[in-house]
2 protein chains.
Amino acid sequence: MPLRLLIADNERLFRQSLRKLLEGTRDIRVVAEAADGQEAVLKAQSTQPDIALLDVRMPKMDGIKAAKLMASLVPKIKILMLSIHDDDEKIISALRAGAMGYILKDADQKDFLDILRNAYLGKTHASPYLANLTISRRPGQPRTAEDRKGQFIEKYNLTEQELKILHLLAEGLSNEEMSRMVNLSRETIKMHLKALFRKLQVKNRTEAAVLAVREIVG
Amino acid sequence: MPLRLLIADNERLFRQSLRKLLEGTRDIRVVAEAADGQEAVLKAQSTQPDIALLDVRMPKMDGIKAAKLMASLVPKIKILMLSIHDDDEKIISALRAGAMGYILKDADQKDFLDILRNAYLGKTHASPYLANLTISRRPGQPRTAEDRKGQFIEKYNLTEQELKILHLLAEGLSNEEMSRMVNLSRETIKMHLKALFRKLQVKNRTEAAVLAVREIVG
DNA sequence: CTTAAAACCACCCGTTCGGGGAATTGACAG
DNA sequence: CTGTCAATTCCCCGAACGGGTGGTTTTAAG
């Protein structure tokens, strides 16, 4: 089966030329495109790609935040960040947000494909000859994060759904935005929030978000 | 000049007997009492005591949160936490919240007075003979925290007032609660919040609180 | 003294929250 | 098939939020 890829970049031209480039391969298939962060998260959930290629700078929601949300909403997805600058301080943020690697936009096509395939295979380190590319592995949190999540759930008796909502809340999303993000009605979101406030013993979303940041999302 | 003390505990009897006990001394004067966390923070600002003695468990706002707010609103105040349990996990929270020490409620009177006086002098370690007391120093953050604060202010071009409001926000307070806390009108709070949202480039209080937790209050 | 910036307060207004009750659906055990 | 339990959705409604405009006072700088 081919590598199923999602491309998120605000420039249609870039997306399409990338798609064109990848049509020349037999093992990589673009299953979704997104023009902004929100759309990217939504499509990641609906199409369940193997890898999401996210531009750091995007309208509505930047790539960092989108990466965080994807990591919690589509746990098995592999994320690669795209950017123009290599010394961007956002590299760190991206990697901490769950990204496996970081690709410069002016990378050589061949190197680019190599990175995609390596990421698919779980290889998180950059090959030594990929000199003009910055790539690094996800911090050793995947398992640890799972554990923290589990402990958190049982500590407060949360359901999976509630935890998911809590992640969204910690990104500062409104009820409306959350509802679109997980494809539920605002009312359902509200109900989950009520349950969360009760279980976490807080009295509003701000306190809940702060608690979430301190205890799980970091 | 005597040591000016604030006592915060929900039990009036406890407060009064403690006051009685301290009247027997010449160097310690109780300048304020509070029955809950909110009142404690308010009186700490108005009376500017040297030391605040906070019960961990209080109505409206617990001692931990009160300690955090005091630390940011009345920087030079020294905080001692009171509790019944010694193995309370809240001890860590208290110390991280800015408390200098932790006193058990069944402590010997003499030891209790010693701790008060030592805290006043800046001695943060427990004397070895205070066996049934748990006391520990404030983590080495006072200077570091100041630095972080300064960097944060210049990074986002914040004013002192705005930073103060941000601290309150990060505790999940409503505009109304903040206004009472710093003795300003709700409208003024709203104005500072608007400025904060703009400068931090966030679009609501939740995002602002999350950012604050990540970058300053930890 | 003048100007500018910060801080403070107020009113209007639309949106969002958050709590309450109640109806619907789906899954699953009895 | 049926009870029932959890998840979802809708409606109502008061409170809180967030944006805009306008105005006064205080502070600092020129």
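These numbers come from the heavy atoms of this one structure, side chains and all, not from hydrogens, waters or symmetry mates. In what follows, every chain begins at residue 1, and chains take the letters A, B, ... in the order their sequences are listed. Not measured: the values here are computed from a predicted model.
To the nearest angstrom, P of C:dA6 lies 13 Å from CD1 of B:Ile153. The distance between atom CD of B:Glu162 and atom C1' of C:dA5, rounded to the nearest whole Å, is 12 Å. Taking atom CE on A:Met178 and atom C1' on C:dC17, their separation rounds to 11 Å, with Å as the unit. Between A:Glu177 atom CD and D:dG18 atom P the separation is 13 Å, expressed in whole Å. Distance, A:Asn183 CG to D:dA7 P: 18 Å, rounded to whole Å. Residue A:Leu193 contributes atom CG, which lies 12 Å from atom C1' of C:dT16 at whole-angstrom precision. The separation between B:Met191 atom CE and C:dC11 atom C1' is 14 Å, rounded to whole Å. Spacing between atom CG of B:Leu196 and atom P of C:dA6 amounts to 13 Å, rounded to whole angstrom units.
For B:Arg19 and B:Glu23, the salt-bridge test fails: no basic side-chain N is under 4.0 Å from an acidic carboxylate O. Classification of A:Glu39 and A:Lys43 as a salt-bridged pair holds, one side-chain N sitting under 4.0 Å from a carboxylate O. Taking a cutoff of 4.0 Å between a charged side-chain nitrogen and a carboxylate oxygen, A:Asp27 and A:Arg117 qualify as a salt bridge.
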What verdict does the salt bridge (charged side-chain N to carboxylate O under 4.0 Å, His left out) test give for B:Glu177 and B:Lys60, after you've listed the backbone C-alpha separation in whole Å, the side-chain angles of each residue and the deciding distance to 0.1 Å?
CA-CA 11 Å; B:Glu177 290 170 320; B:Lys60 287 191 179 184; over 6 Å; no
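The one candidate from B:His167, B:His192, B:Lys199 that meets the side-chain hydrogen bond (donor to acceptor under 3.5 Å, both in side chains) condition with B:Glu162 is B:Lys199.
Between C:dG19, C:dC8, D:dT21, one nucleotide has an atom nearer to the side chain of B:Lys194 than all others, and that is D:dT21. Distances from the side chain of A:His192 to the nucleotides D:dT8, C:dA10, C:dG19 place D:dT8 closest.
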Could I get a table of every N or O pair under 3.5 Å where one atom is in the protein and the other is in nucleotides 12-17 of chain D?
| unit_1 | atom_1 | unit_2 | atom_2 | d |
| --- | --- | --- | --- | --- |
| D:dC17 | OP1 | B:Asn175 | N | 3.4 |
| D:dC17 | OP1 | B:Arg205 | NH1 | 3.3 |
| D:dC17 | OP2 | B:Asn175 | N | 3.2 |

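Using a 4.5 Å heavy-atom cutoff, the side chains of A:Met181 and A:Leu69 are in contact.
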Intra- and interstrand pairs of DNA chain C - dot-bracket, Watson-Crick/G-U under 3.5 Å, | marks other strand:
||||||||||||||||||||||||||||.|
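Between the side chains of A:Tyr156 and A:Glu215, at least one donor N or O sits under 3.5 Å from an acceptor N or O.
For B:Glu176, the side-chain hydrogen bond (donor to acceptor under 3.5 Å, both in side chains) partners two or more places apart in sequence, or in a different chain, are B:Arg180, B:Arg186.
Residue A:Ser185 is classed as a sugar-phosphate contact, given heavy-atom separations below 4.0 Å to backbone atoms only.
Residue A:Val74 comes nearest to A:Gln45 through the heavy atom pair CG2-CG, 3.8 Å, listed as atom of the first residue, atom of the second, then distance.
At the phosphate of D:dA6, neither OP1 nor OP2 sits under 4.0 Å from any side-chain N or O atom of A:Gln161.
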